[in-house]
S.K.: 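Pasting a structure here, questions to come.
None of these values were measured; they are calculated from a predicted model.
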Amino acid sequence: MIYGYTTPPQAVKDGIVHRLSIFYQSLSKDELIEKSGAPEHVPVAIEELTVEGKIEYINGRYVLRGSK
């Protein structure tokens, strides 16, 4: 592994958390895919972030866990 290199799946996860923490209060799955530079990684990233407890699905939208 090359140090300092972020894999595309990790970059997508970081981007989702970044968007939800700074720019948007919530986003739908379609919006997350639309805003991603690597849309093919978004479904897996959403699943992993949900399992990790970083985001949650409320009323058809994803939000950072603990934010309303």
S.K.: To the nearest 0.5 Å, what is the distance between OG on Ser26 and OH on Tyr62?
M.R.: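 Going from OG on Ser26 over to OH on Tyr62, the span is 12.0 Å.
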
S.K.: Counting only N and O atoms by type, is there a donor-acceptor contact under 3.5 Å from the side chain of Gln10 to the main-chain atoms of Thr7?
M.R.: no

S.K.: In the structure I gave you, are the side-chain heavy atoms of Leu32 and Ile16 within less than 4.5 Å of one another anywhere?
M.R.: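 Yes, side chains in contact.
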
S.K.: Between Ser36 (side chain only) and Ile33 (backbone N and O only), is there a donor and an acceptor less than 3.5 Å apart?
M.R.: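 Checked: no pair found.
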
S.K.: What I'd like to find out is whether the side chain of Tyr24 reaches to under 4.5 Å of the side chain of Lys35, using heavy atoms alone.
M.R.: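 Of all side-chain heavy-atom pairs linking Lys35 with Tyr24, at least one is under 4.5 Å.
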
S.K.: Please give me the minimum heavy-atom distance between Leu27 and Leu20, naming the atom from each residue.
M.R.: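 The pair with the smallest heavy-atom distance is N-CD2, 3.9 Å.
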
S.K.: Test your reading of the model: is there a side-chain donor-acceptor pair from Arg65 to the backbone of Glu56, 3.5 Å cut-off?
M.R.: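 Between the backbone of Glu56 and the side chain of Arg65 there is no qualifying donor-acceptor contact (under 3.5 Å).
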
S.K.: Less than 3.5 Å apart, which donor and acceptor atoms pair up between the side chains of residues 37-55 and the rest of the protein, not counting sequence neighbours?
M.R.:
from, atom 1, to, atom 2, distance (Å)
Glu48, OE1, Lys13, NZ, 3.2
Thr50, OG1, Ile46, O, 2.8
Glu52, OE2, Lys13, NZ, 2.7

S.K.: Quick one: pull up CZ in Arg61 and NZ in Lys29 and give me the separation to the nearest 0.5 Å.
M.R.: 14.5 Å

